[in-house]
Q: 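For reference, the structure I am asking about is given below.
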Amino acid sequence: MKTISVAGGSQPEILELVKEAHKRYPNELEFVVFDTNENIDNENLWRYEQCQDEKEMVFRAVSLVAKGEAQLLLKGIVQTHAILKEVLQKEHNLRDQKVLSHVAMVDIPKLNRTILLTDCGMNIAPDTETLSSIVDNAVGVAHKIGLTHPKVALLSAAENVNPKMPSSVLTKEVSDCYQNSENCTVYGPISLDLALSQEAVAHKKFEGPVAGDADILVVPSIDTGNCLYKSLTLFGDALVGGTIVGTKVPVILTSRSDKIESKLHSLSFALKQV
């Protein structure tokens with residue numbers, strides 16, 4: 001039985017998610033909901049904890065995880081920064097890595113396989129050290145979900161280093177840091193088509209350690225990541241679900257605008273990590 005602590009969960013959107021989660025994982029999940037609103041669950045789908053204000057709500061939800069009484073933290077209808085600020089409080093001792101980052105599990109119908117995408121939601125313009133930490137976080141997640149030696153593509157506009165293109169310089173510097181890595185293959189700079197398309201690799205006669213078979217896509221900035229993430233969901237029919245990693249437990253982020261399939265995908269992805 002996995003217990004999920006939910007901050008701001010007494011909301012119709014979260015109730016729908018919990019109902020569907022119980023259908024998908026019968027007798028496997030327990031939800032503990034912290035909220036200032038009245039309890040809207042009349043089917044005993046969760047354990048409800050009434051709170052006086054948002055501060056108490058977030059504190060108690062995070063504390064449940066910190067005490068080991070829950071294995072996952074789910075953001076309900078509450079500001080993301082409020083959750084992360086509480087997670088990073090030293091008293092909870094939940095920070096596991098130097099850098100926190102966002103990792104998404106992406107199912108693209110045309111690829112007929114699952115890839116990971118990072119970091120589209122946390123780090124704005126990472127330097128070499130930060131991007132290396134982002135890679136480490138993603139590789140750690142890949143290992144947890146069963147990818148023993150993931151291939152990591154450090155994205156840029158082309159596969160050549162160009163001093164006038166900062167992302168190509170950055171990704172080459174990060175790639176060089178992993179030349180002797182035994183638990184992953186990291187390569188960059190590389191364009192998106194060469195990272196994912198065998199046809200593009202054949203057409204361009206490209207040869208490299210990552211060639212159309214990337215397991216993890218790493219973007220050089222949040223701008224690139226945001227555009228790619230939204231393009232995949234809006235026009236590529238991709239199913240995307242993400243978590244914040246770098247903490248001792250995955251933090252599941254949801255939005256009012258997310259479809260129920262996306263929310264369930266995020267939950268499924270998080271469960272694979274614990």
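Values in this document were obtained by computation on a predicted structure and should not be read as measured data. Numbers here simply count residues along the sequence, with the first being 1.
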Q: Could you tell me whether the side chains of Thr130 and Asp127 share a donor-acceptor contact shorter than 3.5 Å?
A: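 Result is yes, a qualifying pair exists.
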
Q: Per the ring pair (Phe, Tyr, Trp, His ring centres under 6.0 Å) rule, what does the pair list look like for residues 3-46, sequence neighbours excluded?
A: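 Output for this query lists His22-Phe31.
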
Q: Test: ring pair (Phe, Tyr, Trp, His ring centres under 6.0 Å). Region: residues 189-227. Which pairs qualify, not counting sequence neighbours?
A: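 Checked against ring pair (Phe, Tyr, Trp, His ring centres under 6.0 Å) - neighbours excluded - no pair reaches residues 189-227.
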
Q: Under 3.5 Å, is there a donor on one side chain and an acceptor on the other for Asp107 and Thr114?
A: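 Their side chains do contain a donor-acceptor pair, which is all the 3.5 Å distance test asks for.
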
Q: Do any pairs count as a ring pair (Phe, Tyr, Trp, His ring centres under 6.0 Å) and have a residue in residues 221-256, sequence neighbours left out, and if so which ones?
A: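 Checked against ring pair (Phe, Tyr, Trp, His ring centres under 6.0 Å) - neighbours excluded - no pair reaches residues 221-256.
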
Q: List in chain and number order the residues that pass salt bridge (Lys or Arg N to Asp or Glu O under 4.0 Å) with Arg47, two or more places apart in sequence or in another chain; answer none if no residue qualifies.
A: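 Result, salt bridge (Lys or Arg N to Asp or Glu O under 4.0 Å) vs Arg47: Glu30, Glu49.
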
Q: Is it the case that Asn162 and Ser168 place a side-chain donor and acceptor less than 3.5 Å from each other?
A: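 Judged by distance alone, the side chains do not pair up.
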
Q: Sequence neighbours left out, what pairs pass salt bridge (charged side-chain N to carboxylate O under 4.0 Å, His left out) with at least one residue falling in residues 210-222?
A: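 Every salt bridge (charged side-chain N to carboxylate O under 4.0 Å, His left out) pair that includes a residue of residues 210-222, provided the two are not neighbours, is Lys151-Asp213.
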
Q: Taking side chain to side chain donor-acceptor pair (under 3.5 Å) as the definition, give me every residue that meets it alongside Glu159, ordered by chain and number, with sequence neighbours left out.
A: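 In terms of side chain to side chain donor-acceptor pair (under 3.5 Å), with neighbours along the sequence ignored, Glu159 is linked to no residue.
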
Q: Does a donor on one side chain sit under 3.5 Å from an acceptor on the other, for His143 and Thr148?
A: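 Per modelled atom types, His143 and Thr148 side chains form no pair under 3.5 Å.
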
Q: Can you pull out every side chain to side chain donor-acceptor pair (under 3.5 Å) where at least one residue sits in residues 8-19? Sequence neighbours excluded, please.
A: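 Every side chain to side chain donor-acceptor pair (under 3.5 Å) pair that includes a residue of residues 8-19, provided the two are not neighbours, is Glu13-Arg256, Lys19-Glu43.
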
Q: Under the side chain to side chain donor-acceptor pair (under 3.5 Å) rule, collect the residues that match up with Thr233, sequence neighbours excluded.
A: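 By the side chain to side chain donor-acceptor pair (under 3.5 Å) rule, Thr233 matches no residue at all.
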
Q: Can a side-chain donor-acceptor contact be found between Asn37 and Tyr48 if the only test is distance below 3.5 angstrom?
A: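 Note: Tyr48 and Asn37 side chains miss the donor-acceptor criterion.
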
Q: For residues 71-105, which residue pairs pass the ring pair (Phe, Tyr, Trp, His ring centres under 6.0 Å) check, not counting sequence neighbours?
A: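 Qualifying pairs, neighbours excluded: Phe59-His92.
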
Q: Can you give me every donor-acceptor pair (side chain of residues 240-250, partner residue at least two apart or in another chain, under 3.5 Å) with its distance?
A:
unit_1	atom_1	unit_2	atom_2	d
Thr243	OG1	Gln273	NE2	3.2
Thr247	OG1	Val249	O	2.5
Lys248	NZ	Asn93	O	2.9

Q: Would you check if there is a donor-acceptor pair between the side chains of Ser167 and Ser156 at a distance under 3.5 Å?
A: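 Yes.
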
Q: Going by the rule side chain to side chain donor-acceptor pair (under 3.5 Å), which residues pair with Asp237 if we only count those two or more places apart in sequence or in a different chain?
A: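 Asp237 satisfies side chain to side chain donor-acceptor pair (under 3.5 Å) with no residue once adjacent residues are dropped.
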
Q: Quick one: list whatever passes side chain to side chain donor-acceptor pair (under 3.5 Å) with Ser221, sequence neighbours left out.
A: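 Residues passing side chain to side chain donor-acceptor pair (under 3.5 Å) with Ser221: Thr224.
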
Q: Does this structure show an ion pair linking Arg60 with Glu56, if we count only N-O contacts that are shorter than 4.0 Å?
A: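 Yes, this pair counts.
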
Q: Inspect the surroundings of CD in Glu199 and state if more than 12 heavy atoms from other residues, nucleotides or ligands are less than 6.0 Å away.
A: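 No, because the 6.0 Å sphere around CD of Glu199 holds 12 heavy atoms or fewer from other groups.
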
